[in-house]
K.L.:
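One structure coming up, written as structure tokens, with questions to follow.
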Number of protein chains: 2
Amino acid sequence: MTITIKDIANAAKVSTATVSRVLNGAGGYNEETKKKILQIAEELGYRRNEMARSLVKKSSNLIGIIMPSVSTIFYADIVNGIEKVAQKQGFSVILSHAGVKGNRLIHCLKMLEERKVDGLVIVSIPLMEDQIQAIESLSIPYVLLSTDTPNKQIPLIKVDDYEAAYAATKYLINHGHRKIGLAGVDYSDRVAGTPRIEGYKKALKDHGLSFSANDIKAGDYSFTAGKEALYAFRTEKSGITAVFCVSDEVALGIISAAYELGIKIPEDLSVIGYDNTRVAEMAVPPLTAIEQPFRLMGEKGCFKIIEAIQQKAAVKTEMLPFNIVERASVKHWKH
Amino acid sequence: MTITIKDIANAAKVSTATVSRVLNGAGGYNEETKKKILQIAEELGYRRNEMARSLVKKSSNLIGIIMPSVSTIFYADIVNGIEKVAQKQGFSVILSHAGVKGNRLIHCLKMLEERKVDGLVIVSIPLMEDQIQAIESLSIPYVLLSTDTPNKQIPLIKVDDYEAAYAATKYLINHGHRKIGLAGVDYSDRVAGTPRIEGYKKALKDHGLSFSANDIKAGDYSFTAGKEALYAFRTEKSGITAVFCVSDEVALGIISAAYELGIKIPEDLSVIGYDNTRVAEMAVPPLTAIEQPFRLMGEKGCFKIIEAIQQKAAVKTEMLPFNIVERASVKHWKH
DNA sequence: CTGAAAGCGCTTACAG
DNA sequence: CTGAAAGCGCTTACAG
């Protein structure tokens, strides 16, 4: 038998309106009745029904997350960040997985619309115009995290991949490297693919180094892609002395293959990773890597959404700073 | 302007009751009206309000997850598994983090009760009797994943830590090791601590090997704990030839420290990990480890909860099988 | 300061 | 096969 404000009203011999008022601290009742009602609520173990409340208030205090179904470690940090600030602000989070490439996005959207979420955060799914339309049609605040879209009006929070790739490459150049590879990148990925390639190329160019297409090894950001990349570099005798890896996992793959091939890191080959996930410090040698602030990304995203909900304002795009965490996988190259 | 069944009813010149019936496929209406209503709903872009529906049906099709606030990688797999089957069964998932040691559990519980979740899955938080009482008081199906409680009536799904530790230790013994360490374990952790210690001891004993308290290095399952453990073994000249690590991260810590100390793995020291997370295959050398089926755990947990909700039956405890994934960190010891 | 009443968007006996 | 009506558990003008 679940107990409602009606039960409290009966016990306190007041109307449900009054009960509602004191339970919500709406003001406009004397201390006596307040005390009585609060005490009875306590005694009866009353718990409010958020569904009923949301129904009349037309606001659910729910924020929806849509993310890919892959268990890459950094999603955990993003989600942690989101839920943490949601909780602090009195919101709850409803989570949905949109398949590996986000192909179930529309399905998730429908569910979240039916659940009447007040806001939406979409993690790491590259969006096309028709999907943007579907999202817009909900008419609620939303933000993209760690991804983007060709439509430049859309609010997003991420690190500038071009800049970060530029910085990583420059870091290697500053360490004396003149022949630098790029490993694990997906050419068709316009969010984490092409911008990083461009940043890499630009850094090379700005420092008077020539670029060779052979120095880029494509892949899917995975450990295996990293291993394959090094084997490829090896058989081609490419002569690279350093490699910019498009993820930490790719970097670990390079390190693993290097071990198999008897290539010493960083003595024979320097490696820089991307993301700075937990595996970076666990590598042997510990991995120098571009750090992305995933947790912060989640926190900011959620914070902005809640702000937008409460102020009925639009969310604004924000580029987050990255950072180079220096460990031991890059060495100064001596000519 | 959000559109409701009333709008559809008006447009179709029928009652909301009829609209509701066809939208729910309840039967008892002719094809004509059905077609008309469905078409109008489509045209108007109708989307049902789950809050209103839940309110009258007294069932939300919502399942709540409570988990610790730490971003250990395997939580992602568990949550993935849960949400996947929830989605398939028409349920949605609301996620809450209960702090590092689950100290905000009661807070989460209250929120989930207000949200009227139909079922509850609690991940990796060791529960005491008073917390169990709080959970029981919701009177909804629940299950614990990858954790347990002193109260043996409580439904849970996990791997048998004692058995797994026994198997890991035995595996090392079968590979010729006679002096085996245990690293990274928390003595005060009755779920992943003491049972693994006991399993380890028992395996030693069953194979006629003596046990020395010095061969156990306490820790918090972390990478750092692993490093410290190996340094301790080293300075004590303990003479171990293999070490059973209480997590993959501890194992990586051992490997990392070994590298610093010039100890070769597996030539000088064999290492076995626990969990078989993604880092296991990325280690150099690739890590042999006890595998826990995290994703399966999430799937089974969610499935059982939904079953319990629908059949109003209690969830039954299930122990999941573990597995030893052999890679290259353990070698046959020659005397 | 307090209550009666309407309403949020649905579902479901009960009649016909 | 279909509709009128009540009700799920709340909140909130509107009166007094």
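Order of the sequence lines fixes the chain letters, A, B, ..., with proteins taken first and strands second; residue numbering starts at 1 for each chain.
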K.L.:
Reading DNA chain D 5' to 3', what string of ( ), [ ], | and . shows its pairs, if Watson-Crick and G-U wobble pairs count only when both distances fall under 3.5 Å?
P.N.:
|||.||||||||.|||

K.L.:
Taking CZ in A/F303 as the centre, count heavy atoms belonging to other residues, nucleotides or ligands within less than 6.0 Å. Is the count above 12?
P.N.:
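No - once you tally the heavy atoms of other residues, nucleotides and ligands closer than 6.0 Å, there are 12 at most.
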
K.L.:
According to salt bridge (charged side-chain N to carboxylate O under 4.0 Å, His left out), who are the partners of A/R48, at least two apart in sequence or on a separate chain?
P.N.:
A/E50

K.L.:
Going by salt bridge (Lys or Arg N to Asp or Glu O under 4.0 Å), name the pairs with one or both residues in residues 108-137 of chain B, residues two or more places apart or in two chains.
P.N.:
A/R47-B/E113

K.L.:
Can you pull out the residues from residues 50-61 of chain B that lie within a 4.0 Å heavy-atom distance of DNA chain D?
P.N.:
B/L55, B/V56, B/K58

K.L.:
Under 4.0 Å from any heavy atom of chain A: name the first and the last nucleotide of DNA chain C that qualifies, 5' to 3'.
P.N.:
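First-to-last contact on DNA chain C, by the 4.0 Å heavy-atom rule, is C/dC1 to C/dG9.
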
K.L.:
Using the test salt bridge (charged side-chain N to carboxylate O under 4.0 Å, His left out), find all partners of B/E318 that sit at least two apart in sequence or belong to another chain.
P.N.:
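B/E318 satisfies salt bridge (charged side-chain N to carboxylate O under 4.0 Å, His left out) with B/K300, B/K304 once adjacent residues are dropped.
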
K.L.:
Taking only residues two or more places apart in sequence, or in another chain, which ones meet B/L55 in a side-chain contact (heavy atoms from CB on, under 4.5 Å)?
P.N.:
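For B/L55 the side-chain contact (heavy atoms from CB on, under 4.5 Å) partners, ignoring immediate neighbours, are A/N49, A/A52, A/L55.
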
K.L.:
Sequence neighbours excluded, which residues qualify as salt bridge (charged side-chain N to carboxylate O under 4.0 Å, His left out) partners of A/R104?
P.N.:
none

K.L.:
Do any of residues 18-25 of chain A sit with a heavy atom less than 4.0 Å from DNA chain C, and if so which?
P.N.:
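Contacts with DNA chain C under 4.0 Å: A/T18, A/R21.
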
K.L.:
Check whether the side chains of A/Y46 and A/D7 place a donor and an acceptor atom closer than 3.5 Å, and report yes or no.
P.N.:
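No, no side-chain donor-acceptor pair sits under 3.5 Å.
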
K.L.:
Name all residues meeting the salt bridge (charged side-chain N to carboxylate O under 4.0 Å, His left out) criterion together with A/D161; count only those two or more places apart in sequence or in a different chain, and write none if there are none.
P.N.:
A/K158, A/R196

K.L.:
For A/I82 and A/G298, which heavy atoms make the closest approach, and how far apart are they?
P.N.:
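What the structure gives for the nearest pair is CG1-O, 3.5 Å.
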
K.L.:
With nearest nucleotide decided by heavy atoms, which residue, B/N30 or A/Y46, maps closer to the 5′ end of DNA chain D?
P.N.:
B/N30

K.L.:
Listing request: all salt bridge (Lys or Arg N to Asp or Glu O under 4.0 Å) pairs with a residue in residues 11-35 of chain B, at least two apart in sequence or in separate chains.
P.N.:
none

K.L.:
If you assign A/K34 and B/I5 each to the DNA chain C nucleotide with the nearest heavy atom, which residue ends up on the more 5' nucleotide?
P.N.:
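The answer here is A/K34.
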
K.L.:
Looking only at heavy atoms, what is the nearest atom pair of A/A86 and A/V93, with distance?
P.N.:
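Nearest pair, atom of A/A86 first, then A/V93: CB-CG2, 3.8 Å.
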
K.L.:
Name all pairs fulfilling the ring pair (Phe, Tyr, Trp, His ring centres under 6.0 Å) condition that reach into residues 68-105 of chain B, sequence neighbours left out, sorted by first residue then second.
P.N.:
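Of all non-adjacent pairs touching residues 68-105 of chain B, those that pass ring pair (Phe, Tyr, Trp, His ring centres under 6.0 Å) are B/F74-B/F294.
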
K.L.:
Check whether any side-chain heavy atom of A/S124 lies under 4.5 Å from a side-chain heavy atom of A/L145, and answer yes or no.
P.N.:
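No. Closest side-chain heavy atoms not under 4.5 Å.
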
